[in-house]
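In what follows, a single structure is set out as structure tokens and then discussed.
Order of the sequence lines fixes the chain letters, A, B, ..., with proteins taken first and strands second; residue numbering starts at 1 for each chain.
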Amino acid sequence: MPSVSQILSDTVERALGAPALLRAADPKFGDYQANGIMTVAKARNENPRALAEKIIQQLDVTGICEPPTIAGPGFINFKLKPVFVAAQITGASRDERHGVPVVAKPKTIVIDFSSPNVAKPMHVGHIRSTILGDTLARIGKFLGHRVITDNHIGDWGTQFGMLIIGWKQYRNDAALAADPIGELERLYKFINDKPELRDAAKAELVKLQQGDAENLAIWQKIIELSKQEFEKIYRRLGVSFDHTFGESFYNPMLPAVVADLRHCGLATESDGAFCIFFPGQDSPLIVQKADGAFLYGTTDLATLKYRITEWQPDEIVYVTDARQQLHFKQVFAAAAKWFPAVPDLRHVFSGSILGEDGKPLKTRSGQNVKLGELLDEAEERALAVVAEKNPELPEDVRRQIARAVGIGAVKYADLSQNRTTDYIFSWDKMLAMNGNTAPYLQYAYVRVQSIFRKAGDTTGAAPVTLEHPTELDLAKHILRFSDTLEAVLADDKPNWLTGYLYELAGKFSVFYANCPVIQSVEPTRSSRLVLCRLTADIMKRGLNLLGIDVIEQM
RNA sequence: GCGCCCGUAGCUCAAUUGGAUAGAGCAUUGGUCUUCGGAACCAAGGGUUGUGGGUUCAAAUCCCUCCGGGCGUACCA
């Protein structure tokens, strides 16, 4: 079923002959507002109010809303008829997708996110990319796009010289078994602190690059161990990938990439290196160092070529931190010249996570906060809250709740923030039961579930009638779910979805406080139960699209 | 030096891309309810959107000047 805003928007566009620019209106003016009229009037040198008058004469929306009104300099306001809202809600309640249409033209979207480095623990710096990319993938899929997720792990580089010599001579097998990445990290630091081993490390690296069997085997073992550790984190976060083509996957392609870039004149020699220069910019994208080695720009171009030929995507999304903006600008600019046609390339970047002192989040000893330990703490803190609030629950149930609440809180705190800015990490704020937090939404969901437990059989598909103003308000908000999802995907801004869900929970609370459900008489009782069910379904779906679990009790 | 991101209530953040009187939570103050989970709901105070100009019917949003912060800026990723 098409969304309400889509219907109205199409209607106005047909009459206007230009985009309607429909948006949710301030409730005191109506439910939706078209403000494309002023722009068109100006271009045509017409009086905007007269044009608006002409447009509303042509609109046939009698089944949908009250007669549209003109306000201000030329806004057209629409106020939905309760009967129409009720009919839409009834339809949505019988739809597995809660009234969210599948996109008319599905796109192929590649999403590149998370991308941790092998032999290093994942830390807080990885969480935003991981969670953001996962959410965008989930929403894209739900809207009907073909989404391909790829974890571009850092599994190649000069650090392997040091890791290999450390592995061969200083490896502690017991430590390796207990904490693989911890031991690898120790080996790396140990060798890095020994300048006298630098040449030996370099020699091991050269052997690896030349295909030495022993070094290749060690390298692969290190990758395997690292991937297993990453997987533990991803399992806890509920994140998965279609592919994990690391940087090394593209190694064999790099010489040909540079040769081609040189052949077509894009890459030129400068100080012994091969570079792609851009007009008006001092620093080039270097694709081959003076010593012959390749860089991540080279790998990114090879990766891009592979993805284009392999998947023919309409869009490729790179989710990284904000510090890589220049790099991706250069890669995208190079790609635009290198390929006859490039997909829509988007760099979705995020700010850093700061401690409450406003400085980058670190442990007390100044180390990066390990992601695994952060998630442990989230669950512990959530467990303490659950134990306090609901001590009669069995231990295993409490743990399960704590997992959903703790992990959910960390994710939600991140996703509810505008991704481009730095944000301040605060346990107390993210675990608060009030305000725009995961626990608040999870609790709102629990309250609805509680109604169903008491009401008995609620599987009926009764028609919805909207009598009380708070019912109508809740219902109208429900009808905006699909608009929200489309907007999130269009601008890569999950905080619009969290805002939507928070408002949904708020409107439900008001409805809940004003409208008895179980004690009301038929047919109101059944109608309200359907409204509750739909609200709960959308809360669950919305949270699920954010990668957050709901629970039945807490 | 140059470039990118930013500056909004005491604090943490919104504002659907130029739309009407800039909104939430926390904190503060006051209120509701014999309540389907009070882990709730309602209300009040709190703002010259860093500064000064410009563009237009309309600016937190676009352009320019400063001030302040973060991050980049030729062979790490």
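- Two residues are said to be in side-chain contact when any heavy atoms from C-beta on lie closer than 4.5 Å; A/R525 and A/I518 meet this criterion.
- Under 4.0 angstrom from either OP1 or OP2 of B/C5 there lies no side-chain N or O belonging to A/T420.
- Contact annotation for A/Y500: no contact, since no heavy-atom pair falls under 4.0 Å across all strands.
- Comparing A/L21 and A/N77 by the nucleotide of RNA chain B whose heavy atom lies nearest to each, the residue mapping closer to the 5' end is A/L21.
- Heavy-atom distances to RNA chain B give each of A/E503 and A/A273 a nearest nucleotide, and the one nearer the 5′ end belongs to A/E503.
- Within 4.0 Å (heavy atoms only), A/F29 reaches at least one base atom of the nucleic acid.
- The nucleotide whose nearest atom lies closest to any side-chain atom of A/T421 is, among B/C57, B/A14, B/A40, B/A14.
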Is there any protein nitrogen or oxygen under 3.5 Å from a nitrogen or oxygen in nucleotides 62-64 of chain B, and what are the pairs?
none

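- Straight-line distance between the P atoms of B/G47 and B/C2: roughly 37 Å, to the nearest whole Å.
- For the C1' atom pair drawn from B/G69 and B/C57, the interatomic distance equals 36 Å after rounding to whole Å.
- In this structure A/D10 satisfies the salt bridge (Lys or Arg N to Asp or Glu O under 4.0 Å) test with no other residue, sequence neighbours excluded.
- In this structure, A/R480 reaches neither bases nor backbone, as no heavy-atom distance under 4.0 Å exists between it and the strands shown.
- Using a 4.5 Å heavy-atom threshold, the side chains of A/F511 and A/L531 count as touching.
- At a threshold of 4.0 angstrom between heavy atoms, the contacts of A/Q553 include nucleobase atoms, whether or not backbone atoms are also involved.
- Look at the C1' atom in both B/C63 and B/G23: the space between them is 27 Å, to the nearest Å.
- Checking side-chain atoms of A/Q325 against main-chain N and O of A/A322 turns up a donor-acceptor pair under 3.5 Å.
- A/I518 comes within 4.0 angstrom of a base, heavy atoms only.
- Comparing the same atom, C1', in B/U32 and in B/U48 gives a spacing of 37 Å after rounding to whole Å.
- Dashed line: the shortest gap from a side-chain N or O of A/Y512 to OP1 or OP2 of B/A39 is not under 4.0 Å.
- Residue A/I286 is in base contact, counting any heavy-atom pair closer than 4.0 Å across all strands shown.
- Residue contacts for A/Y423: at a heavy-atom cut-off of 4.0 Å it reaches the sugar-phosphate backbone alone, with no base atom in range.
- Only the C1' atoms considered, B/C66 is 8 Å distant from B/G52, to the nearest whole Å.
- Closest contact between the side chain of A/V517 and the listed nucleotides B/G19, B/C36, B/A40 involves B/C36.
- Within the structure, every pair that satisfies the ring-ring contact (aromatic ring centres under 6.0 Å, His included) test and touches residues 428-450 of chain A, not counting sequence neighbours, is listed here: A/Y440-A/Y502.
- When the side-chain nitrogen and oxygen atoms of A/W496 are compared with OP1 and OP2 of B/A15, one or more of them lie within a distance under 4.0 Å.
- Checking side-chain atoms of A/R381 against main-chain N and O of A/A402 turns up no donor-acceptor pair under 3.5 Å.
- Residue contacts for A/V510: at a heavy-atom cut-off of 4.0 Å it reaches the sugar-phosphate backbone alone, with no base atom in range.
- For A/I424, the listed nucleotide lying nearest its side chain is B/C13; candidates were B/A40, B/C13, B/G19.
- Between the side chain of A/S270 and the base of B/A74, a donor-acceptor pair under 3.5 Å is found.
- Less than 6.0 angstrom separates the ring centroid of A/F249 from the ring centroid of A/Y306.
- Among the atoms of the strands shown, base atoms are found under 4.0 Å from some heavy atom of A/Q519.
- A heavy atom closer than 4.0 Å to some atom of RNA chain B occurs in A/K429, A/M433, A/N434, A/G435, these being the qualifying members of residues 428-439 of chain A.
- No donor-acceptor pair closer than 3.5 Å links the side chain of A/N77 to the backbone N or O of A/Q33.
- Across all strands shown, A/D26 has no heavy atoms under 4.0 Å from either base or sugar-phosphate atoms.
- Taking the side chain as every heavy atom from C-beta outward, A/Y423 and A/T421 never approach each other to under 4.5 Å.
- Annotation: B/U16 and B/C76 have their P atoms spaced 42 Å apart (nearest Å).
- Test A/L132, A/D492, A/T420, A/D321 against A/F349 for side chain to side chain contact (heavy atoms under 4.5 Å, CB included) and you get one pass: A/T420.
- The ring of A/H152 has its center closer than 6.0 angstrom to the ring center of A/Y250.
- B/G18 and B/G10 have their C1' atoms separated by 31 Å, with the value rounded to a whole Å.
- Note on A/R447: every side-chain N or O is 4.0 Å or more away from OP1 and OP2 of B/C36.
- As judged by a 4.0 angstrom heavy-atom cut-off over every strand, A/A71 is placed among the base-contacting residues.
- Distance from the side chain of A/P73 is smallest for B/C57 among the nucleotides B/U16, B/U12, B/C57.
- Residue contacts for A/D271: at a heavy-atom cut-off of 4.0 Å it reaches a base atom on one of the strands shown.
- Rounded to a whole angstrom, the distance from the C1' atom of B/C62 to that of B/A43 is 38 Å.
- Among the protein residues, A/C532 comes within range of no part of the nucleic acid, since none of its heavy atoms lies under 4.0 Å from any strand.
- Figure legend: A/R480 and A/Y32 shown as a cation-pi pair, the cationic atom lying under 6.0 angstrom from the six-membered ring centre and within 45 degrees of its axis.
- Between A/F332 and A/Y318, the distance separating the two ring centers is shorter than 6.0 angstrom.
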Go along nucleotides 68-73 of chain B 5' to 3' and tag each nucleotide: B for a protein heavy atom under 4.0 Å from its base, S when only backbone or sugar atoms are that close, - otherwise. --SSSS

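- Within the 3.5 Å criterion, the main-chain N or O of A/I223 finds no donor-acceptor partner in the side chain of A/D155.
- Between the side chain of A/Q33 and the base of B/A20, at least one donor-acceptor pair of N or O atoms lies under 3.5 Å.
- Counting only heavy atoms from C-beta on, A/C275 has its side chain closest to B/A74 among B/A74, B/A15, B/A39.
- If you check B/C13, B/A20, B/C36 against the side chain of A/Q417, the one that comes closest is B/C13.
- Between A/F142 and A/F481, the ring planes lie tilted relative to each other; the angle falls in the 30° to 60° range.
- Stems are defined here as 3 or more consecutive Watson-Crick or G-U wobble pairs with pairing distances under 3.5 Å; those involving RNA chain B are B:1-7 with B:67-73, B:10-13 with B:23-26, B:28-32 with B:40-44, B:52-54 with B:62-64.
- A/F230 is not listed as a side-chain neighbour of A/S114, based on a closest heavy-atom distance of 4.5 Å or more.
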